[in-house]
Amino acid sequence: MRWKLGMNLLEVLRGRFYQALLGWAPDPLTASALVKPATDSKFGDYQANAAMSLGKSMGKPPRQVAEELLARLQWDDILEKPEIAGPGFINLKFRNDYLEGLLSQAANDDRIGIAKVANPRRIVIDFSGPNVAKPMHVGHLRSTILGESLARLHRFLGHLVITDNHLGDWGTQFGILLYGYRNKLDAENLKKNPVAELARLYVEVRKEFKTGSDEEGGDKSDPVQDACRLETVKLHQGDEENLALWNRFMPFCLEEIDAVYRRLDVHFDHILGESHYQPMLATVVEDLLSLGIARESQGAVGVFITEEGAPALIRKSDGAFTYTTTDLATIDYRIREFNPTEILYVVDSRQHLHFHNLFETAKRWGRTGTESGPRLVHVPFGSVLGADRKPIKTRDGKAVANLDQLLDEAVRLAGEIFDANRAEDAELFNRSLVAETVGIGAVKYADLSQNRTTDYVFSWEKMLAMDGNTAAYMQYAYARCQSILRKAGVSPEALDTKAPISLATPEERALAIQILRMEEILLAGASELRPNIITGYLWDLAKAYSGFFQNCPVIKAPPALLPSRLLLCHLVARSLKLGLDLLGIQVIERM
RNA sequence: GCACCCGUAGCUCAGGGGAUAGAGCACCGGUUUCCUAAACCGGGGGUCGUAGGUUCAAAUCCUACCGGGUGCACCA
């Protein structure tokens with residue numbers, strides 16, 4: 001083979017420019033990093049922007065720098081003749097035979113030509129973290145979906161990923177359950193359907209709270225809330241009966257959240273909730289006190305991140321520990337147990353300050369910031385808003401956005417769309433499978449296609465649309481690829497992957513570039529921790545496929561082009577499927 | 001009061017040093033003897049919150065201000 005393995009077009013070009021710059025220009029690495037995707041396809045595939053800045057540092061006109069640089073660049077085996085444009089842009093366009101060779105390699109590679117990273121890291125990802133005994137709602141959705149996607153992405157790239165669900169299984173919400181058990185229990189129902197009965201108890205008790213929004217904090221003169229708090233305190237103090245109830249209820253609580261995870265196709269390596277760290281908390285506080293990192297103040301113990309600001313409390317004046325204490329113990333435990341290079345916390349951006357304080361304390365504690373300690377990263381995300389631009393959350397004490405109901409609604413709507421569009425030939429399709437896959441996919445994709453850091457407005461209409469950057473559009477593009485292969489009478493196994501690929505039209509060429517960009521995109525998505533980079537890519541890929549679909553007949557292609565076009569369809573299908581899989585979204589063969 | 005995030009087309013949002021700033025929706029106009037019309041093509045529409053600064057080059061980086069959101073000891 002003429003070209004070495006290496007499908008990453010961007011890296012190939014940067015490598016070539018690095019060689020050309022070496023020994024000639026200052027800082028070849030920085031300058032070669034100025035090779036970027038073309039801002040407009042009319043300029044070519046990629047562009048090198050180094051000449052402008054080098055012109056300054058080398059004291060020559062940028063266009064002259066560009067010409068001298070091109071004279072040093074080895075290009076003719078992979079590129080058409082590069083062109084200098086404007087103030088000194090170097091426009092780069094790959095040779096078709098080079099792209100065709102790479103596509104052939106991809107077609108015969110079970111990773112579509114995408115390499116594993118050279119230096120795998122050990123990455124703990126902490127996400128989802130719902131409170132047990134309390135119905136999951138949309139607030140948990142983003143963390144769960146984002147975390148799962150980041151885990152899949154890093155794993156695919158070859159990193160060792162350890163996912164850990166830091167359950168809230170020791171907090172006030174359990175006190176609510178204990179109070180409910182003592183005052184509102186339907187014993188018969190508990191026998192028959194414990195999961196549902198516990199869920200019911202939580203909702204029943206919550207109704208009697210005076211405060212509307214959150215169960216914690218707020219009104220101190222609320223008798224029911226006080227009683228629940230008391231149950232929690234008893235549990236924490238080791239009350240035998242409450243502890244026994246905790247042990248008895250936990251499996252049912254876990255079963256309830258597990259049902260949601262099964263439906264969302266979300267998986268964890270570990271589920272180590274707050275309760276797991278209880279035995280370690282006293283030691284953490286003593287340790288920090290004796291090291292002078294924490295000190296007593298107003299009866300509590302806190303770490304003063306700044307002298308003026310509020311401290312991060314690690315023990316309250318009543319002796320109870322806080323979530324900062326638990327999180328510190330968790331960091332310590334994860335370092336000992338998993339020895340990670342980094343720990344990612346996929347948590348609401350509103351907790352930014354908490355993580356800032358937590359990471360700073362861990363650093364003072366000597367757990368990070370040294371050569372061996374892990375990098376601690378808060379991966380923040382914005383809130384999910386309703387049509388009124390206010391966060392969707394419990395209102396009037398009622399959960400308006402229960403997660404399971406939300407998924408049901410998505411599936412129901414996807415089914416309606418199916419019925420509207422498949423009235424005539426519905427029997428050819430598996431309606432319930434299509435509705436479930438499209439509905440769940442829509443919810444996930446809507447979340448992931450948004451830039452993580454911004455709030456986003458939840459909209460059924462937008463997420464289930466067939467036009468635009470949605471899951472359904474990608475799933476549909478996939479189904480159409482598969483449909484063509486079926487109609488051509490070739491099963492994926494029978495496909496001749498060795499057949500030469502030829503890029504006969506501009507549409508095929510544009511599609512080829514998109515297929516071959518995937519590794520570059522996945523690496524960018526991983527390094528920025530942003531799945532929306534992947535959804536943006538899938539949208540570009542699907543649009544390129546659409547252009548191909550319009551202009552390049554496959555089944556009725558000239559015989560010389562048929563095998564090549566079938567392979568392109570197959571490559572697109574595999575790329576879409578892989579991309580969606582890394583987002584935690586499934587495909588269907590017919591929709 | 002302090003801190004963090006955000007302000008880009010009518011709406012929802014991409015883009016976060018490089019060429020005339022993009023997409024979807026909405027609006028206007030077109031396309032089907034053709035592999036799923038759940039499709040495609042074209043058009044109008046933007047002082048990128050404001051003002052300075054850095055740079056060969058700023059929506060992008062820095063500073064100030066304006067507007068919005070969020071968080072700031074005993075909830076997690």
Side-chain angles (χ1 to χ4, degrees), chain A residues 34 36 38-40 42-43 47 49 51-53 55-56 62 85-89 91 129 131 168 170-173 214-218 229 274 297-302 304 306 308-320 322-324 326-327 348-354 356-357 380 382-383 385 389-391 417-418 420-422 425 428-429 438 449-451 453-457 459 461-462 464-470 472-473 475-477 479-481 483-488 532-533 535-536 539-540 543 546-547 549-557 565 569 590-591:
Chain A
L34 289 172
K36 302 187 170 176
T39 52
D40 190 317
K42 77 182 177 208
F43 298 135
Q47 59 184 49
N49 299 337
M52 282 81 80
S53 59
K56 185 77 174 173
F89 296 105
N91 290 330
N131 291 320
W170 199 247
T172 32
Q173 77 294 120
D214 284 297
E215 68 277 49
E216 296 96 358
R229 244 193 296 266
E274 292 167 348
S297 171
Q298 298 176 28
V301 176
F304 286 78
T306 61
E308 321 78 64
L313 291 192
I314 56 173
R315 195 172 71 199
K316 300 190 280 184
S317 52
D318 66 2
T322 70
Y323 75 142
T324 303
T326 312
D327 280 347
D348 195 320
S349 59
R350 282 176 293 203
Q351 294 200 36
H352 174 84
L353 184 61
H354 165 65
H356 174 82
N357 292 341
S383 307
L385 309 178
R389 303 211 111 256
K390 300 235 172 82
I417 293 168
F418 175 90
N421 291 294
R422 290 281 174 264
D425 50 357
L428 298 175
F429 303 88
V438 171
S449 59
Q450 200 86 193
N451 185 331
T453 54
T454 51
D455 295 347
Y456 88 98
V457 176
S459 157
E461 195 188 348
K462 192 178 169 183
L464 283 159
M466 221 15 243
D467 286 331
N469 189 6
T470 64
Y473 187 91
Q475 290 166 325
Y476 182 57
R480 290 209 295 186
C481 290
S483 174
I484 288 176
L485 294 175
R486 268 197 310 275
K487 289 218 161 124
N532 76 310
I533 292 176
T535 62
W539 173 231
D540 288 338
K543 277 189 292 190
S546 188
F549 183 87
Q550 290 294 316
N551 295 288
C552 309
V554 178
I555 292 167
K556 292 183 182 171
R565 288 190 174 164
C569 285
R590 299 167 202 258
M591 69 179 272

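Here is the naming used below: chain letters follow the sequence lines, and residue numbers restart at 1 for every chain. Note that the structure is predicted; figures quoted are calculated from it, not measured.
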- If B:rC25 has a Watson-Crick or G-U wobble mate with both distances under 3.5 Å, name it; if not, just say none. B:rG10
- Message: Is there a side-chain contact between A:Lys56 and the phosphate of B:rC56, meaning an N or O under 4.0 Å from OP1 or OP2?
- Response: yes
- Query: In the strands shown, is B:rC40 matched to any nucleotide by a Watson-Crick or G-U wobble pair with both distances under 3.5 Å, and which?
  - Reply: B:rG30
- Item | Counterpart base for B:rA57, defined by Watson-Crick or G-U wobble contacts under 3.5 Å | none
- Item | Length of the line joining A:Asn469:CG and B:rC13:P, which is rounded to integer Å | 14 Å
- Query: Is any side-chain nitrogen or oxygen of A:Arg229 closer than 4.0 Å to OP1 or OP2 of B:rC74?
  - Reply: no
- Can you tell me how far C1' of B:rA73 sits from CZ of A:Arg315, to the nearest Å? 14 Å
- Note on the structure: Per nearest nucleotide of RNA chain B, the residue lying toward the 5' end, A:Glu274 or A:Ile533, is A:Ile533
- Task: Look at the side-chain N and O atoms of A:Asn131 and state whether any lies under 4.0 Å from the OP1 or OP2 oxygen of B:rA76.
- Result: no
- Task: Determine which nucleotide pairs with B:rU70, using a 3.5 Å limit on both distances of a Watson-Crick or G-U wobble pair.
- Result: B:rA3
- Query: Over how many whole Å does the gap from A:Lys487 atom NZ to B:rC35 atom C1' extend?
  - Reply: 6 Å
- Query: Under the 3.5 Å rule, do the base of B:rA14 and the side chain of A:Gln450 count as making a donor-acceptor pair?
  - Reply: no
- Nearest-Å distance once atom C1' is located in both B:rA58 and B:rU54: 10 Å
- Task: Kindly point out which of B:rC13, B:rC74, B:rU70 is positioned nearest to the side chain of A:Thr454?
- Result: B:rC13
- Query: Taking a pair as Watson-Crick or G-U wobble with both distances under 3.5 Å, which nucleotide is matched to B:rG16?
  - Reply: none
- In whole angstrom, what separates A:Asp455's CG from B:rC4's P? 18 Å
- RNA chain B: A:His352 or A:Phe89, which has the more 5' nearest nucleotide? A:His352
- Message: It should be established whether A:Thr453 places a side-chain nitrogen or oxygen under 4.0 Å from OP1 or OP2 of nucleotide B:rC5.
- Response: no
- Task: Round to the nearest Å and state the distance from A:His354 atom NE2 to B:rA73 atom P.
- Result: 14 Å
- Message: Please determine whether the number of non-hydrogen atoms from other residues, nucleotides or ligands lying under 6.0 Å from atom CZ of A:Arg486 exceeds 12.
- Response: yes
- Passing candidate, side chain to side chain contact (heavy atoms under 4.5 Å, CB included) with A:Arg315, options A:Val301, A:Thr322, A:Thr324: A:Val301
- Item | Complement of B:rA51, any strand, by Watson-Crick or G-U distances under 3.5 angstrom | B:rU63
- Message: Can you confirm whether A:Tyr323 sits close enough to A:Gln351 that some side-chain heavy atom of one is under 4.5 Å from a side-chain heavy atom of the other?
- Response: yes
- Ranking B:rA19, B:rC35, B:rA76 by distance to the side chain of A:Ala85, first place goes to B:rA19
- Message: Nearest whole Å is fine: how far is B:rU32 C1' from A:Asn551 CG?
- Response: 14 Å
